[in-house]
Amino acid sequence: MKTSRVLLISNVRPSRTWNFANRVLREVPGTEICGVVQRPMRSIPWIQQLIATGKTREISPMPRQWSKVRFLFHSLVDKVVAWFFWFVHGCPPSPNDSTFTMKRLKQECARAGWLFTVAGEYKEAAVAALPLTDVNLTIALGEFFSLPEFAINASNGCIRVRTCRPSANGESSGDALISIEHLASGTGAPSLIFSQWLPWQPFDGPLGFTLKADLITDDLVLQSTRGLLASNPETASTEVSEWANKILAPSLSQLESAHEDMPQAQPGGKRCRSPWKLCLDTLLLLSPGILGRNWYRRLGGRYPVLILAHHLVSDRPHRMGVPTETFWRQVLFLKKHYRIVNLAEASELLRSGQIRVPTVVLTFDDGYADNFLGLRAVTNEMIIPSTLFVTTGPVEAHREFDHDLATGKTGFLPLTWDQIAYWNSRGAEFGSHTREHFDCGSEDLEHLQSEIIGSRQDLEAHVKKPVTFFAFPYGKQKNMSRVAMDLAASTYRHYVSSFGGEALANGGRPQSHLFRKKFYGSPWELELELQSVFDFVDTLRQWFHSQAASSSNESSRVPVVSTLSPSIQTISSSSTSTSAYSHVEDSYGVDGSRR
């Protein structure tokens with residue numbers, strides 16, 4: 001099979017250039033990257049610069065002097081906060097570098113054996129030093145006012161992208177029309193391959209919207225590349241259209257009526273607790289118990305695996321949703337202080353008995369189609385894994401989830417089998433979540449077998465690989481009968497609940513049941529949850545309540561009731577037990593509402 005040589009010229013952030021080049025190699029058979037021509041950081045669009053540097057605060061493209069001072073102040077505060085958390089965690093080795101600079105892109109291209117240059121205006125002299133011969137296709141990634149002659153001299157021409165943001169009443173509507181064009185070799189005459197609208201959603205922000213638009217653009221360019229290298233432009237256009245209708249349309253079609261469903265609540269990322277309570281809780285991070293625990297784990301190389309329970313990344317109002325931009329900021333925070341792995345890698349770390357850096361797993365229940373845009377946009381940009389637990393019944397019937405309809409929420413469909421297979425083949429990890437989001441507190445063995453074992457069979461038939469993880473719907477103690485837990489343990493390698501708690505390295509001993517923590521959109525609350533501060537506060541509160549109740553009972557006790565003390569003690573014990581689980585039996589959305 002003849003190898004096709006691809007030249008990439010980029011007017012986008014370095015991380016996107018690198019990710020896209022690797023996607024070309026993985027997803028377009030028989031290709032090689034013969035060279036990368038990258039515009040300097042100062043020349044790429046401003047929004048691309050903000051994403052590249054991980055700026056989580058809005059900054060004007062042309063900052064005045066006071067804006068620069070404010071930016072420097074915030075940068076200093078961020079460094080102090082980062083140092084504080086690093087000390088609290090026990091000063092572990094840095095888990096990873098969250099930024100991808102131009103220098104790193106140059107180093108990665110050198111390791112891959114790709115020719116690389118940085119060219120501001122893309123003059124002929126800028127690429128004269130590159131021994132580029134027999135280029136089959138040029139890909140222009142990002143917006144260009146004009147393309148140099150060398151870009152369209154490839155035998156198969158050049159692929160370029162046009163993004164239009166139309167105006168309504170003199171103002172931008174927010175929606176984006178992404179068009180993929182082909183410029184024939186030598187002529188530069190453009191022909192449209194495919195175009196796709198991306199609607200602006202109620203909770204969209206400029207950074208989150210850009211991440212989604214970039215993801216869809218890269219998807220379409222990759223499919224166009226595959227088609228052009230295998231056939232002619234007309235056939236390629238048909239193939240891209242068929243792929244988009246099959247893979248992209250199920251998620252994008254849900255967004256068309258979003259403008260009519262304006263939110264009544266605030267988007268995710270808002271704090272659920274008042275600042276003064278969080279300040280008091282933060283003081284506990286410096287308590288001897290938490291500091292000593294973390295430093296002991298650091299010295300012994302036995303950090304826990306912390307599993308976070310999410311549902312969907314969506315820029316439409318949903319009680320369990322988090323906007324794309326908020327989730328991106330959350331991942332930026334996590335990557336600074338934690339290693340992010342999927343459940344398969346986490347289980348291997350637990351069996352090894354050695355976890356030398358704080359580690360988290362991001363899991364998403366139910367299988368919402370919105371995740372195919374928002375979640376995939378962030379994980380693709382940040383190069384992190386994720387684990388999705390799918391309820392197979394709604395996927396098979398392509399209908400809304402019953403627990404959404406019960407609360408009056410409509411318009412949120414599940415992923416399709418084609419999307420699951422596509423995403424699974426590109427690194428996402430899928431687990432089972434029963435067939436019908438069934439409450440597994442039941443003792444009905446036959447029904448449990450259908451839900452727990454049957455859902456695994458459904459999923460394996462489409463992903464074409466073993467499914468080894470299971471998440472109990474609702475995930476509370478009352479939703480997991482002993483029969484269900486035994487069945488899950490015998491069917492899957494691991495099953496997860498939402499009790500709260502940590503998964504500790506066990507040195508090779510089997511550990512079927514893994515605990516998950518609640519997701520908070522605010523990084524402040526998220527860190528306190530990950531460090532079990534909220535659990536500690538709840539335990540203290542329960543202890544004081546039990547002491548107060550004991551004192552009250554003691555003061556009101558009379559001889560006639562002494563014969564009833566066993567019953568009173570039983571009720572008191574039951575109440576304490578119920579209280580102890582109350583904080584882990586509630587599943588909260590990012591706005592603090594209970595599921």
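Predicted model, so just to flag it, every value in this text is computed and none were measured.
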Nearest atoms (heavy-atom pairs only) where Ser251 meets Gln419: OG-NE2, 3.0 Å

Going from CG on Leu306 to OG on Ser532, what distance comes out if it is rounded to the nearest 0.5 angstrom? 7.0 Å

Asp219 and its salt bridge (charged side-chain N to carboxylate O under 4.0 Å, His left out) partner, picked from Lys246, Lys212, Arg376: Arg376

Do you know which two heavy atoms are closest between Asp204 and Pro199, and how far apart they sit? OD2-O, 4.0 Å

Side-chain contact test, heavy atoms from C-beta onward, threshold under 4.5 Å: evaluate it for Phe194 versus Ser224 and give yes or no. no

Check: Glu239 main-chain N/O paired with Gln223 side-chain donor or acceptor under 3.5 Å: no

Flag, side chain of Gln254 to backbone of Leu413, donor-acceptor distance under 3.5 Å: yes

Carboxylate-amine/guanidinium contact Asp404 Arg399, below 4.0 Å: no

Calculate, to the nearest 0.5 Å, the distance between atoms CG and NE2 belonging to Asn371 and His311 respectively. 10.5 Å

Check whether the ring centres of His89 and Tyr338 lie less than 6.0 Å apart, and answer yes or no. yes

Step-by-step salt bridge (Lys or Arg N to Asp or Glu O under 4.0 Å) determination, Arg339 to Glu345: CA-CA 11 Å; Arg339 170 177 51 185; Glu345 187 176 354; 5.2 Å; no

Please identify which of these residues, Tyr492, Tyr495, Phe515, Phe389, meets the ring pair (Phe, Tyr, Trp, His ring centres under 6.0 Å) condition with Phe472. Tyr495

Measure the shortest side-chain to side-chain distance between Trp18 and Arg104 over non-hydrogen atoms and say whether it is less than 4.5 angstrom. no

Approximate separation, where rounding is to 0.5 Å, of Tyr474 OH and Asp365 CG: 11.5 Å

Are side-chain heavy atoms of Thr379 and Val331 found at a separation under 4.5 Å? no

Side-chain heavy atoms of Phe85 within contact of Lys336, under 4.5 Å: no

Check Phe401, Phe412, Phe203 against His318 for a ring pair (Phe, Tyr, Trp, His ring centres under 6.0 Å) and give me the one that passes. Phe412

Ignoring hydrogens and angles, tell me if any N or O in the side chain of Glu525 forms a donor-acceptor pair with the backbone of Arg273 under 3.5 Å. yes

Would you name the heavy atoms of Glu460 and Pro466 that are closest together and state the gap between them? OE2-CA, 3.4 Å

More than 12 heavy atoms of other residues, nucleotides or ligands under 6.0 Å from CD of Glu446: yes or no? no

Taking Gln330 for the side chain and Gly521 for the main chain, is one N or O donor matched with an acceptor at less than 3.5 Å? no

Check: Glu429 side chain, Ser386 main-chain N or O, donor-acceptor pair, under 3.5 Å: no

Which distance, rounded to the nearest 0.5 Å, do you find between the CG of Leu349 and the OG1 of Thr359? 6.0 Å

Applying side chain to side chain contact (heavy atoms under 4.5 Å, CB included), run through Phe327 and His310 and close with a yes or a no. CA-CA 10 Å; Phe327 182 65; His310 298 60; 4.0 Å; yes

Evaluate the side-chain proximity of Val313 to Asp370: yes if any heavy-atom separation is below 4.5 Å, no if none is. no

Smallest heavy-atom separation, Pro385 atom then Ile340 atom, equals CD-O, 3.6 Å

Could you walk me through whether Leu514 and Val361 pass side chain to side chain contact (heavy atoms under 4.5 Å, CB included), step by step? CA-CA 11 Å; Leu514 301 178; Val361 180; over 6 Å; no

Gln201 and Arg316: side-chain donor and acceptor closer than 3.5 Å? no

Is the backbone N or O of Trp86 less than 3.5 Å from a side-chain atom of His337, with the two atoms forming a donor-acceptor pair by type? no

Do any N or O atoms from the side chain of Asp439 and from the backbone of Gly441 form a donor-acceptor pair under 3.5 angstrom? yes

If only side-chain N and O atoms count, and only distance matters, is there a donor-acceptor pair under 3.5 Å linking Thr324 with Asp315? yes

Any donor-acceptor pair under 3.5 Å from Asp281 side chain to Val533 backbone: no

So, applying ring pair (Phe, Tyr, Trp, His ring centres under 6.0 Å) with Phe438, which one of His403, His433, His447 is it? His447

OG of Ser241 to CG of Leu220: how many Å apart, nearest 0.5 Å? 10.0 Å

Take Glu27 and Arg426 through the test salt bridge (Lys or Arg N to Asp or Glu O under 4.0 Å) and record every step on the way to the result. CA-CA 9 Å; Glu27 300 180 31; Arg426 286 156 179 79; 3.2 Å; yes

Sidechain-backbone polar pair: Arg302 side chain, Ala505 backbone, donor-acceptor under 3.5 Å: yes

Examine the side chains of His437 and Asp402 and answer whether a donor and an acceptor come within less than 3.5 Å of each other. no

Minimum-distance pair of heavy atoms, taken over all atoms of Gly475 and Ser497: O-CB, 3.7 Å

Salt bridge or not between Arg13 and Glu381? Use side-chain N to carboxylate O under 4.0 Å. yes

Any side-chain heavy atom of Leu312 within less than 4.5 Å of one from Leu375? no

Show your working on side chain to side chain contact (heavy atoms under 4.5 Å, CB included) between Val390 and Val395 and close with a plain yes or no. CA-CA 8 Å; Val390 177; Val395 174; 3.6 Å; yes

Give a yes or no answer on whether the side chain of Glu325 reaches the backbone of Phe209 with a donor-acceptor pair at less than 3.5 Å. no

Set out, in order, the CA-CA distance, both residues' side-chain angles and the distance that settles side chain to side chain contact (heavy atoms under 4.5 Å, CB included) for Leu343 and Ile307, then state yes or no. CA-CA 9 Å; Leu343 271 180; Ile307 305 173; 3.9 Å; yes

Could you give the distance from CD1 (Ile33) to CG (Leu25), rounded to the nearest 0.5 Å? 5.0 Å

Basic-acidic side-chain contact under 4.0 Å: Arg23, Asp218: no

Are any of the side-chain heavy atoms of Met382 and Leu332 separated by less than 4.5 Å? yes

Would you check if there is a donor-acceptor pair between the side chains of Arg456 and Thr491 at a distance under 3.5 Å? no

Closest non-hydrogen atom pair between Leu278 and Thr282, with its separation: O-OG1, 2.6 Å

Give the C-alpha distance, both sets of side-chain angles, the deciding distance and a yes or no for salt bridge (Lys or Arg N to Asp or Glu O under 4.0 Å) between Arg16 and Asp214. CA-CA 8 Å; Arg16 184 181 170 197; Asp214 289 348; 3.1 Å; yes

In the structure I gave you, are the side-chain heavy atoms of Leu504 and Arg297 within less than 4.5 Å of one another anywhere? yes

